[in-house]
Amino acid sequence: MKTVLTGLWICAVTILSCYGAVTWGSGLFAKKEEPYLEGLQYQKLPPINVPMVVDGKVQGYIVAVLVFTADARLMHTLPVPPNAFVVDETFRQIYADPQIDFKRLSRYNVTQRLAEVRKAVNARLGADVVKDVLVEEFNFVAKREVRS
């Protein structure tokens with residue numbers, strides 16, 4: 001009789017401890033939602049290589065590394081990240097700009113061009129997501145200097 005009561009006692013303690021662990025532990029393993037930080041988010045883009053075509057021939061490539069800041073709250077609500085839009089718009093702006101001529105170098109209004117990129121990207125996204133576009137690196141590599 002003593003052995004049967006001890007066995008029942010062990011079963012009861014085991015069942016109660018499992019029940020307690022499951023009900024108490026479920027709060028520990030629940031996924032906690034972390035609120036997104038408000039403010040600006042810094043995004044560095046991969047290098048952009050833009051061919052410079054003059055008289056039907058490639059003269060060289062502009063290599064640009066850009067950084068943009070965006071509204072963090074809006075970035076997390078967009079279905080598509082704005083990175084591809086910034087790269088695409090920058091490529092279009094540089095490729096189609098007739099003012100860039102490396103045979104006759106002159107000052108270039110980079111501030112205006114970056115503002116146009118920002119404005120065009122925000123128009124394509126339908127919201128004021130991109131706050132500023134910054135240049136980290138901007139180089140021209142002549143065709144004769146490119147190794148294949």
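Computed from a predicted model, the values in this text were never measured in an experiment.
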Exercise for the section: Please answer whether the main-chain N or O of Thr69 pairs with a side-chain N or O of Asp132 as donor and acceptor at a distance below 3.5 Å. Expected result: no
Practice task
Could you tell me whether a side-chain N or O of Asn122 sits under 3.5 Å from a main-chain N or O of Val129, the two making a donor and an acceptor?
Solution key: yes
Is there a path of hydrophobic side-chain contacts, each under 4.5 Å between heavy atoms of I, L, V, M, F, W or Y residues, that connects [X] with [Y]?
X      : Y      : result
Val65  : Val87  : no
Leu134 : Ile48  : no
Leu114 : Leu125 : yes
Phe85  : Tyr42  : no
Val63  : Phe138 : yes

Separation between [atom1] of [X] and [atom2] of [Y], rounded to the nearest 0.5 Å:
X      : Y      : atom1 : atom2 : value
Asp128 : Lys119 : CG    : NZ    : 12.0 Å
Arg73  : Leu40  : CZ    : CG    : 11.5 Å
Leu8   : Thr3   : CG    : OG1   : 11.0 Å

Of the non-hydrogen atoms in [X] and [Y], which two are nearest, and what is the gap between them?
X      : Y      : result
Ala72  : Gln41  : CA-OE1, 4.0 Å
Lys131 : Asp71  : CE-CB, 4.0 Å
Leu78  : Pro82  : CD1-CD, 4.1 Å
Glu89  : Val121 : CB-CG2, 3.8 Å
Gln93  : Val117 : CG-CG2, 3.6 Å

Handout entry: Ionic contact status for Arg113 with Glu116, cut-off 4.0 Å
Key = yes
Problem - More than 12 heavy atoms of other groups within 6.0 Å of Tyr61 OH - result: no
Exercise for the section: Before giving the answer on side-chain contact (heavy atoms from CB on, under 4.5 Å), spell out for Glu137 and Val67 the whole-Å C-alpha distance, their side-chain angles and the decisive distance to 0.1 Å. Expected result: CA-CA 9 Å; Glu137 188 177 329; Val67 175; over 6 Å; no
[Y] side chain reached by [X] side chain, heavy atoms, under 4.5 Å:
X     : Y     : value
Tyr95 : Val53 : yes
Asn83 : Lys44 : no
Gln43 : Val86 : no
Thr90 : Phe68 : no

